[in-house]
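Count residues from 1 along the sequence. Excluded from the calculations below are hydrogen atoms, water molecules and symmetry mates; all remaining heavy atoms, backbone and side chain alike, are included.
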Amino acid sequence: MHGLADLHDHIPWALLVIFRIGGLMIYGPIFGSSVIPPRVKIFLALVLGLAVYPLVRPEHGQTLSLDLWTLGPLVAMELMVGLVIGFLATLPLVAVQVGGLVMGQQMGLGFARFYNPAIEDDADVLGQVLFLMVLAGFLMIGGQESMVLAVLHSFEHMPAPAITSFAPDLQLAGLMAGLLSAALELALRVAAPLLCLLFLQTLAMGFIAKTVPQVNILSLGFPLRILAGLSMIGLGLVVIDDVIMEFVGEALRLIFEWVEA
């Protein structure tokens with residue numbers, strides 16, 4: 001009976017740990033993908049939560065009841081912590097996808113859109129290619145492990161229940177605003193060389209249309225636009241990869257700094 005009473009005391013605190021990790025399963029890169037079945041996400045959050053609970057168990061001298069009115073706000077705040085970390089880690093991937101979308105639209109590949117079940121929306125071909133490229137780089141540098149570690153480190157500085165230690169403040173707002181502006185800058189940096197080349201190509205096609213009216217610019221310009229765009233992307237792929245991975249690493253570093261602040 002004494003063992004059952006101790007177990008009953010640990011269940012609410014273990015649930016808080018599980019739900020904070022579960023926030024990553026809702027919005028974090030890879031973990032939050034709709035391709036992964038919800039049952040798998042729930043099982044993964046449960047296993048990870050129970051595995052790390054003995055390590056991050058809060059030093060508490062109080063007990064929590066298992067009723068909905070007590071655990072509801074606590075669980076919601078734990079989910080919020082995981083969601084914030086997952087959202088911040090997702091920004092580099094979204095920025096690259098936006099940059100690819102801009103490039104695809106300017107190249108004339110916007111017509112070749114398809115339904116992507118991973119994001120449950122239409123996707124651009126070029127944007128999806130760049131998204132998969134940065135996703136592979138994210139996995140190679142251990143981004144998914146870094147997100148989990150960030151959540152685990154959050155228990156040291158924001159112990160459960162987070163409702164007593166976590167509150168959106170100016171530091172979090174500044175971090176979000178900074179990463180959002182940096183993500184927009186990244187999207188423009190990825191797309192800028194191609195946009196400049198296509199601008200020059202458009203000027204050249206306009207000059208040819210004025211000097212040689214017999215040339216069908218519409219039939220000639222469209223394939224040249226795609227060829228020039230793909231050539232520029234191929235030549236600058238190494239530089240694009242370096243810029244993207246630098247931003248991904250910087251975003252993960254800023255997340256850790258915020259968690260440990």
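With rounding to the nearest 0.5 angstrom, the CD1 atom of I85 is 12.5 Å from the CE atom of M80. Between the CD1 atom in I226 and the CG atom in L198 there is a gap of 10.5 Å [rounded to 0.5 Å].
Under a cut-off of 6.0 angstrom, the local environment of CZ in F19 is sparse, with at most 12 non-hydrogen atoms contributed by other residues, nucleotides or ligands.
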Steps toward side chain to side chain contact (heavy atoms under 4.5 Å, CB included) verdict (M147, F138): CA-CA 11 Å; M147 289 189 302; F138 187 83; 4.2 Å; yes

Go through the steps for I21 and M25 under the test side chain to side chain contact (heavy atoms under 4.5 Å, CB included), then give the verdict. CA-CA 7 Å; I21 296 176; M25 308 303 165; 4.2 Å; yes

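Under the 4.5 Å side-chain criterion, counting only non-hydrogen atoms from C-beta, V81 is not in contact with V151. Residues M176 and L88 have side chains in contact (heavy-atom distance under 4.5 Å, counting atoms from C-beta outward). Counting heavy atoms from C-beta on, the side chains of T202 and R225 come closer than 4.5 Å. A heavy-atom distance below 4.5 Å is not found between the side chains of V96 and F131.
Put simply, V94 and I244 are part of two different groups of oily side chains (I, L, V, M, F, W, Y) that touch within less than 4.5 Å, one to the next. If you chain together hydrophobic residues whose side chains sit under 4.5 Å apart, L188 and V98 never meet in one group. No continuous path of ILVMFWY side-chain contacts below 4.5 Å connects L184 to F247, so the two sit in separate hydrophobic clusters. Grouping the Ile, Leu, Val, Met, Phe, Trp and Tyr side chains by contacts below 4.5 angstrom, directly or via other members, places L132 with I141. Grouping the Ile, Leu, Val, Met, Phe, Trp and Tyr side chains by contacts below 4.5 angstrom, directly or via other members, places M232 with V243.
Sequence neighbours left out, the pairs with a member in residues 237-253 that pass salt bridge (charged side-chain N to carboxylate O under 4.0 Å, His left out) are E250-R253, R253-E257.
Qualifying side chain to side chain contact (heavy atoms under 4.5 Å, CB included) partners for L83, counting only residues two or more places apart in sequence or in other chains: I26, Y27.
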